[in-house]
Each structure stands twice: as C-alpha cells, then as structure tokens.
Amino acid sequence: MAAKGGGGDLKLLGVWDSPYVNRVQIVLNLKGLSYEYVEEDLLHKSALLLESNPVHKKVPVLIHGGRPIAESQVIVQYLDEVFAGAGGPSVLPTDPYERATARFWAAFVDDKVGSPWHTILFAREAEEKAGAAARIVTALETLEGAFRDCSRGRGYFGGDGIGFVDVVLGSYLGWFKVFEKMVGVRVLDAARTPLLAAWGERLAAAGAAKDVLPDDVDKVIEFLQAFLD
C-alpha cells in the first residue's frame, strides 16, 4: 500500500485490521507519504518484526531509513515531527496547551477503549465481553463531552481537520461494528452520543481513512477466529 508523495525510505509492518496499524496508515495518508506496507502473520512473526521490535514483538513498527520506531502513538507523533514540512497537515496542535490536551485524550482512548477492546477479543465468557463493551460505552459518553469542547462546533477533535485524537479514536471505528455483531451491543449510538456518531461517519468517509479502516465485519470476525483457534 502506498500513499502519494515522498517520505523517504518508509516501511510499515502491520496487520490489516489492527486499529494501531490503521492509525499510522491514516497519518501517512494525511501527510501524503509514500511507504511500503508489509503484512505480518502474527502466528508466524517475521524475523524483521522480531528484530525491529524485540521488546514487545508487536505491530505496528515503522522503519524509517533502516531505523525502527514502535508503538502506534509514538509513531504518529514521530511522523508529525519528522515530516512537519512535507506539505501535509499537522496532526498535533502547535499550541502547547492544546497539544497536551490532545495527548491526554489520546491516552484516555487507548486506556478506556483500547483495554476493553482487548478484553472483547480474548475473553472467553460472554459476561466479561458484555462488561467490556459497557465500559467502552461509558468511555464514549465521556468522549462526547471532550469532542464538544475540543472541536468547538467544528468537524473533528482537531477542529477543521483530522487531529491526533481523531486518528487514535477513529482507528477503532471498524471494530465498533464488529462488537455489535459479536456482543450485541452498539457501542457508538447516535441516541447516546450524537456528536460522536456524526463524527465517526465523517471520519470514516475521509480520504485518508476510508480505504484503511476495515469495513467487512464478517471478514474481521473470520480473521479473529482463525487467530484464536
């Protein structure tokens, strides 16, 4: 997979339906950076992945000029700093307070949405999965207020354009539909969180994201079942 533009020697190791990989892809697309995408088999991890991320042995890993960078939020911030003058938009705000606020909410997302996401994937008991889905619902209700404050009536957490929190939270959008089928809970519901529901549709349709986020629920579930068996 490649985006327009030049980013030098960029290679992304990933898995197609990983939200953590998808957020890096969205930022690469936003910035118009060309890159080589390498799909990993997590049951048979490549030597390149194990060498590039020996601590966690996980995707995503971005390799830039032969040097690896691991952890999705770290990669996103790295791309924003290194390619600040590449012509694409900045993902993090320039104002220090707004930048700190964006980092706070991004950390909140991966703690309060990402952790239950992991539980839904790997828990064996239906009650445990349902409880995790309920925690995501609660987190999204909090994020509804955060969106109202951060967006100030505009389209994204980042204002008029996609920003750091949009990328981090938006990477879970495809999985929210998967959860509805797996657990029977609609975690992103326009009746509960109308601002976030409209935001989700807007982000999923954006050029940088629409060909990145997984949209085939059955394919994702089939992939997950094959991985867990």
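The first residue in the sequence is number 1, and the count goes up from there. Just so you know, these numbers use all the heavy atoms, side chains as well, and skip hydrogens, waters and symmetry mates.
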**Student:** Could you tell me if the ring centre of Phe122 sits under 6.0 Å from that of Trp117?
**Tutor:** no

**Student:** Do Phe157 and Ile162 touch side chain to side chain, with heavy atoms closer than 4.5 Å?
**Tutor:** no

**Student:** Could you walk me through whether Leu188 and Leu173 pass side chain to side chain contact (heavy atoms under 4.5 Å, CB included), step by step?
**Tutor:** CA-CA 9 Å; Leu188 185 57; Leu173 284 171; 3.8 Å; yes

**Student:** Side chains of Val76 and Leu79: does their closest heavy-atom pair fall under 4.5 Å?
**Tutor:** no

**Student:** I want to check something: taking the side chain as every heavy atom from C-beta on, are Ile120 and Ile136 in contact at a cut-off of under 4.5 Å?
**Tutor:** yes

**Student:** Hey, what's the ring geometry for Phe176 with Tyr172, parallel, tilted or perpendicular (30° and 60° as the breaks)?
**Tutor:**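 Taking Tyr172 first and then Phe176, their aromatic rings lie parallel (interplane angle under 30°).
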
**Student:** When you look at NZ of Lys112, are more than 12 heavy atoms from neighbouring residues, nucleotides or ligands closer to it than 6.0 Å?
**Tutor:** no

**Student:** To the closest 0.5 Å, what do you measure between CD (Glu39) and OG (Ser18)?
**Tutor:** 9.5 Å

**Student:** Counting N and O atoms only, with roles assigned by atom type, does the side chain of Lys129 sit under 3.5 Å from a partner on the main chain of Ala123, one being a donor and the other an acceptor?
**Tutor:** yes

**Student:** What's the verdict on side chain to side chain contact (heavy atoms under 4.5 Å, CB included) for Phe147 and Val165, showing C-alpha distance, side-chain angles and the deciding distance?
**Tutor:** CA-CA 9 Å; Phe147 178 80; Val165 184; over 6 Å; no

**Student:** Taking C-beta and beyond as the side chain, do Met182 and Ile221 meet within less than 4.5 Å on heavy atoms?
**Tutor:** yes

**Student:** Are the side chains of Arg124 and Glu128 in contact, using a 4.5 Å heavy-atom criterion?
**Tutor:**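 No, side chains not in contact.
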
**Student:** Counting only N and O atoms by type, is there a donor-acceptor contact under 3.5 Å from the side chain of Glu36 to the main-chain atoms of Leu10?
**Tutor:**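 No: the side chain of Glu36 does not pair with the backbone of Leu10.
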
**Student:** Measuring centre to centre across the rings, with the benzene-like ring taken for any Trp, is Phe83 within less than 6.0 Å of His64?
**Tutor:** yes

**Student:** I'd like to know if the side chain of Ser90 reaches the main chain of Leu92, judged simply by a donor and an acceptor atom lying under 3.5 Å from each other, with no hydrogens or angles considered.
**Tutor:** no

**Student:** Using the salt bridge (Lys or Arg N to Asp or Glu O under 4.0 Å) rule, take Asp110 and Arg23 through it: C-alpha gap first, then chi angles, then the decisive distance, then the call.
**Tutor:** CA-CA 12 Å; Asp110 275 349; Arg23 63 182 55 159; 2.9 Å; yes

**Student:** If we only count heavy atoms from C-beta on, is the Val27 to Tyr78 side-chain gap below 4.5 Å?
**Tutor:** no

**Student:** Classify the side-chain pair Gln73/Arg103 by whether it contains a donor and acceptor separated by less than 3.5 Å.
**Tutor:** no

**Student:** Under 3.5 Å, is there a donor-acceptor pair between the Trp175 and Asp17 side chains?
**Tutor:**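 Side chains of Trp175 and Asp17: no pair found under 3.5 Å.
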
**Student:** Using only heavy-atom distances, determine whether the side chains of Gln25 and Asn22 contain a donor-acceptor pair under 3.5 Å.
**Tutor:**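 Distance-only check passes for Gln25 and Asn22.
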
**Student:** Do the non-hydrogen side-chain atoms of Arg192 and Val137 ever get within less than 4.5 Å of each other?
**Tutor:**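 Yes. Closest side-chain heavy atoms under 4.5 Å.
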
**Student:** Using the rule given for salt bridge (Lys or Arg N to Asp or Glu O under 4.0 Å), can you reason through Asp218 versus Lys181, listing the C-alpha separation, both sets of side-chain angles and the distance that settles it, and then say yes or no?
**Tutor:** CA-CA 9 Å; Asp218 292 332; Lys181 186 162 186 178; 2.3 Å; yes

**Student:** Is there a donor in the side chain of His56 and an acceptor in the side chain of Asn53, or the other way round, less than 3.5 Å apart?
**Tutor:**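 Side-chain D/A pair, His56 to Asn53: absent.
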
**Student:** Show your working on side chain to side chain contact (heavy atoms under 4.5 Å, CB included) between Arg148 and Leu195 and close with a plain yes or no.
**Tutor:** CA-CA 8 Å; Arg148 183 182 298 108; Leu195 296 178; 3.9 Å; yes

**Student:** Check the pair Val38, Lys11 against side chain to side chain contact (heavy atoms under 4.5 Å, CB included), reporting the backbone distance first and the verdict last.
**Tutor:** CA-CA 7 Å; Val38 179; Lys11 180 182 292 186; 3.9 Å; yes

**Student:** Is the shortest heavy-atom distance from the side chain of Arg135 to the side chain of Val113 under 4.5 Å?
**Tutor:**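 No, their side chains stay 4.5 Å or more apart.
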
**Student:** Is the Phe164-Trp105 ring centre distance short of 6.0 angstrom?
**Tutor:** no

**Student:** Report the residue from Val21, Val24, Asp80 that forms a side-chain contact (heavy atoms from CB on, under 4.5 Å) with Ile75.
**Tutor:**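 Considering Val21, Val24, Asp80, a side-chain contact (heavy atoms from CB on, under 4.5 Å) with Ile75 is found only for Val24.
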
**Student:** Can you check salt bridge (Lys or Arg N to Asp or Glu O under 4.0 Å) on Arg152 and Glu98, steps first, answer last?
**Tutor:** CA-CA 13 Å; Arg152 299 187 183 116; Glu98 292 181 0; 3.6 Å; yes

